[in-house]
A.B. asks: 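Have a look at this one.
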Amino acid sequence: QVQLVESGGGSVQAGGSLRLSCAASGYISRSSCVAWFRQAPGKEREGVAAIGSDGSKSYTDSVKGRFTISKDNAKNTLYLQMNSLKPEDTAVYYCAARGILFGSPPLGPQYYNLWGQGTQVTVSS
């Protein structure tokens, strides 16, 4: 079965950058809808960015202009480039996937059925 494994998290000062990776082991279709979520302590899981089956991208407003979601189908890897990081970006970041979905990809966790274990991102002020 397919597993998703995040990496690239760590600690960074405000204004810095991190690049998260999510590697899929086992087969996952290049047409799968994939996304990044995050969850800070005491807060609900929040959709950060997603790529739909047609390549459409969605971002939550708070990260627009700072984060970029991308994927390398040949490497079966999803990325999240995070620039201009803020302390409020501190959270555990999860990658997730679902089946084929065309159009603007959803940022609600209920739409995804395959999840990674998460990677911690800490941004200090």
Side-chain angles (χ1 to χ4, degrees):
Q1 65 276 9
V2 176
Q3 290 182 301
L4 302 178
V5 180
E6 302 94 336
S7 62
S11 297
V12 65
Q13 290 184 300
S17 298
L18 285 172
R19 190 192 195 198
L20 305 183
S21 298
C22 173
S25 61
Y27 178 76
I28 184 167
S29 174
R30 67 179 183 177
S31 297
S32 295
C33 181
V34 289
W36 287 98
F37 291 81
R38 65 187 180 187
Q39 189 163 22
K43 296 185 177 180
E44 295 182 347
R45 189 164 297 190
E46 174 191 30
V48 176
I51 302 177
S53 297
D54 60 352
S56 299
K57 296 180 180 180
S58 296
Y59 295 95
T60 191
D61 287 343
S62 65
V63 309
K64 288 180 179 177
R66 300 189 297 121
F67 291 10
T68 303
I69 187 170
S70 63
K71 62 178 180 177
D72 186 332
N73 289 326
K75 295 181 178 180
N76 231 13
T77 302
L78 179 71
Y79 302 99
L80 185 67
Q81 179 65 48
M82 306 186 294
N83 298 326
S84 302
L85 283 162
K86 304 175 180 179
E88 50 262 46
D89 295 319
T90 295
V92 176
Y93 283 70
Y94 301 88
C95 62
R98 56 155 290 135
I100 296 171
L101 188 143
F102 291 97
S104 182
L107 292 174
Q110 68 270 27
Y111 293 97
Y112 298 85
N113 63 300
L114 182 63
W115 294 84
Q117 84 291 343
T119 186
Q120 177 71 47
V121 171
T122 302
V123 184
S124 60
S125 60

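Each residue takes its place number in the sequence, starting with 1. Just so it is clear, the model here is predicted, and its values are computed rather than measured.
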A.B. asks: Going by side chain to side chain donor-acceptor pair (under 3.5 Å), name the residues that satisfy it together with Asp72, two or more places apart in sequence or in a different chain.
C.D. replies: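 Result, side chain to side chain donor-acceptor pair (under 3.5 Å) vs Asp72: none returned.
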A.B. asks: Return the orientation label for the Trp115 and Phe37 ring planes: parallel under 30°, perpendicular over 60°, tilted otherwise.
C.D. replies: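 Rings of Trp115 and Phe37: tilted, 30 to 60°.
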A.B. asks: Examine the side chains of Ser58 and Ser104 and answer whether a donor and an acceptor come within less than 3.5 Å of each other.
C.D. replies: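 Note: Ser58 and Ser104 side chains meet the donor-acceptor criterion.
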A.B. asks: Does the Glu6 side chain pair with the main chain of Cys95, one donor and one acceptor, at a distance under 3.5 Å?
C.D. replies: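 Such a contact is found between Glu6 side chain and Cys95 backbone.
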A.B. asks: If you define the side chain from C-beta out and look only at heavy atoms, does anything of Thr90 sit under 4.5 Å from Gln120?
C.D. replies: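 When only atoms from C-beta onward are counted, Gln120 and Thr90 do touch, with a gap below 4.5 Å.
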A.B. asks: Is a side-chain donor or acceptor of Tyr59 paired with a backbone partner of Ile69 at a separation under 3.5 angstrom?
C.D. replies: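 Here the side-chain-to-backbone pair exists.
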A.B. asks: Could you check Arg45, Glu44, Glu46 and say which one makes a side-chain hydrogen bond (donor to acceptor under 3.5 Å, both in side chains) with Gln39?
C.D. replies: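 Only match with Gln39 under side-chain hydrogen bond (donor to acceptor under 3.5 Å, both in side chains): Arg45.
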A.B. asks: Let me confirm one number: the OG-CD1 distance from Ser32 to Ile51, rounded to the nearest 0.5 Å.
C.D. replies: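 So the OG of Ser32 and the CD1 of Ile51 are separated by 11.5 Å.
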A.B. asks: Taking all non-hydrogen atoms of both residues into account, name the closest pair between Leu4 and Ala97 and its distance.
C.D. replies: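 Residues Leu4 and Ala97, closest heavy atoms: CD1-N, 4.0 Å.
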A.B. asks: Any carboxylate oxygen within less than 4.0 angstrom of a Lys/Arg side-chain nitrogen, looking at Asp61 and Lys64?
C.D. replies: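 Salt bridge between Asp61 and Lys64, a charged N being under 4.0 Å from a carboxylate O: yes.
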A.B. asks: So does Leu101 get a backbone contact from the side chain of Ser53, meaning a donor-acceptor N/O pair under 3.5 Å?
C.D. replies: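 Side chain of Ser53 to backbone of Leu101: a pair is present.
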A.B. asks: If you count the non-hydrogen atoms of other residues, nucleotides and ligands that lie under 6.0 Å from NZ in Lys75, is the total more than 12?
C.D. replies: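 Atom NZ in Lys75 is not packed in, count stays at 12 or less.
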A.B. asks: Could you tell me if the side chain of Pro105 sits less than 4.5 Å from the side chain of Tyr111, heavy atoms only?
C.D. replies: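 No, their side chains stay 4.5 Å or more apart.
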A.B. asks: Given 3.5 Å as the limit, does a donor-acceptor pair link the side chain of Tyr112 with the main chain of Pro106, or not?
C.D. replies: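 Flag set: sc Tyr112 to bb Pro106 pair under 3.5 Å.
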A.B. asks: Test Val63 against Arg38 for side-chain contact (heavy atoms from CB on, under 4.5 Å), laying out the working first.
C.D. replies: CA-CA 12 Å; Val63 309; Arg38 65 187 180 187; 3.9 Å; yes
A.B. asks: Check whether any side-chain heavy atom of Arg66 lies under 4.5 Å from a side-chain heavy atom of Asp89, and answer yes or no.
C.D. replies: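 Yes, close enough: below the 4.5 Å cut-off.
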